[in-house]
Amino acid sequence: MFAIEVINLRKTYGKVVAVDDVSFKVKKGEIFGFLGVNGAGKTTTINMITGLLQKDSGTIKILNHDPEEAWEYVKNRINVSTAYYPLSDALTIRQNLRIYAKIYGVKNVEQKIMSLMQQFELSHLADRKVADLSSGERTRTALCKGLINDPEVLFLDECTVGLDPDIAEKTRRIIKNYQQKSGCTILFTSHYMYEVEELCDRIAFMDKGKIIKIATADKLKKAIKKHTIEITVKSRAEELKNFLMLEQMNILLAEDNTIIFEVTCERDKIYKILNKIFTKGFLLSDLHIKKPTLDDIFIKIARGRK
Amino acid sequence: MKWHRILALMLKYWYITIARADRLFDVFYWPMIDLVVWGFASKFITELSEVNLLSVLLGAVILWTFLWRASQDMSVYVLEDFWSRNLYHLFSSPIKVSEHIIAIILFGLGRSLVTFVFLAILAFALYAFNIFSIPLFFLIIAIFLLSLLGWILGLVITGLIFRFGQRIQVLAWSVVWILQPFSCVFYPLSALPPWAAAIARVTPSTYVFENLRNILAQRPLDYGGLGYALIVEVIFLLLASWYLKKSFDAAKKSGLLATGN
């Protein structure tokens, strides 16, 4: 069963096509990543799914219901959190959370608020106004609001922007734990590829309003055939450069004693070239093998379309 | 419509009111300034003339508060949600626009009643004017008609905000003051030049203030005028609600609801 089904979704602003015939399905209990550069159409898609934006055409189903028809059923079972829209800044964290708890008809309001604030390390700031919080604290407050109704489907739009690495890691852990405990479905957008890779079961790449690829992180990485190898030698750098060129390696950088080059990502090939370098008697002082990341894939896919 | 959601929004506006001094100024300070200025002015004029203007003007100042507050509260609390970019969270939740508006109306009515009681006490303390010397049934009718007209104006301004965004926010403060000269708040309809009197005759609030003067001068009530005001306001209410719904849909289409600008 699917928690979210989107078929041929389209949105235009005048002549600008913001979302162009987008279709995807998110399984129940899945964390589905949405990646794309600014203006790719990720937020527009989420806004249409959550009912904040009117679609031009297409079909949306959440928990097997059309949100326009079963509006109340759907809205009570979803929630959104984003770093870009903080809660009311004239109110305290506790007041904001209390209001949303009451809107969603949460039972044991104060207990729920305390538990969320504890999880996100906000208890000591409970009675501080949102206006006086740091950006990271505001982001965590927005996350508390996102979980206030124990949603079955949660939309996290760039929800970790502004968090320091420690809190960002804790936040990802809380999201993962929550998902595992509740079986909630999460649609997650982020600019941080490592975050998407760590959290998401599948990833959709969006560019210019279209979904251009949906796959698991591993499958996506396999699409990139090259590893990058960085070698620093104690001497004979020029000789090593010439040798690599003879071996038809693509040299990306040669500076002082360091050479960076690309190798097609087959284990044998990397092993063979490194073996040849050792056999030729080059003395290495440093060696790095960089596997393809989602950033590389993203750049490749996005540039490939231009 | 769910009452727990309306009560949650009323709680939100209560928090905003107690957190922001300017919102308390709306309830106490500005109405008090009006009352004091008009009170002393009318006391002075009364001493110079045969007619007792004090009760006429003070009664008008106190009742005018309902129209003024009802109109401004609705548009300013909606603007508050725009300023704090809070529409994103509100309308991704199960809140309906009708619940949003009802919460603001009920909360605003509460604020108006607090102002009314405050002004009634102040008017009695400073000028020995007892607002309850006006028959209660007329007070209830006047408060209802004036508040209803204020909510209608608020609905239209809110509709304009949803359609055109914060750039038209100046209307939230100004529209009610455009209506004031044609409502005959402080002078009778007969005092207006013909072109202004024509506008005043179709303005529902005129009949409330004309009847206030009738009561204080112990003249009979003009029930026809009050009936006209009620019918016109009901028609305007339906039109304003329709316009707000259309504007809300337009905000969903343009993206204003999601982005707030």
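All chains are named by letter (A, B, ...) in the order of the sequence lines, taking the proteins before the strands, and each is independently numbered beginning at 1.
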Is atom [atom1] of [X] surrounded by more than 12 heavy atoms (other residues, nucleotides or ligands) closer than 6.0 Å?
X	atom1	answer
B:K246	NZ	no
B:F118	CZ	yes
A:K102	NZ	no
A:Q111	CD	no
B:W177	CH2	yes

Quick one: which residues of [range] reach chain B at under 4.5 angstrom, heavy atoms only?
range	result
residues 115-149 of chain A	A:K129, A:K145
residues 1-32 of chain A	A:K11, A:Y13
residues 90-98 of chain A	A:A90, A:L91, A:Q95, A:R98

Taking atom [atom1] of [X] and atom [atom2] of [Y], what is their separation to the nearest 0.5 Å?
X	Y	atom1	atom2	answer
A:L87	B:N86	CG	CG	6.5 Å
B:K252	A:M48	NZ	CE	12.0 Å
B:W83	A:S88	CH2	OG	12.5 Å
B:W14	A:I99	CH2	CD1	13.0 Å
A:Y104	B:K2	OH	NZ	14.5 Å

Exercise for the section: Taking all non-hydrogen atoms of both residues into account, name the closest pair between B:H4 and A:I103 and its distance. Expected result: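 Nearest pair, atom of B:H4 first, then A:I103: CE1-O, 3.1 Å.
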Problem - Proximity breakdown for A:F155 and chain B, heavy-atom pairs closer than 4.5 Å - result: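 Neither; nothing under 4.5 Å.
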Problem - Contact class of A:N76 relative to chain B, heavy atoms under 4.5 angstrom - result: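 A:N76 touches chain B through backbone and side-chain heavy atoms alike.
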Problem - A:Y85 (side chain) donor-acceptor with B:A258 (main chain) under 3.5 angstrom - result: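 Looks like yes, one N/O pair under 3.5 Å.
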Exercise for the section: Residue by residue, scan residues 89-99 of chain B and write down, ordered by number, those that have a heavy-atom distance under 4.5 Å to chain A; if none do, write 'none'. Expected result: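 So the qualifying residues are B:H89, B:L90, B:F91, B:S92, B:S93, B:P94, B:I95, B:K96.
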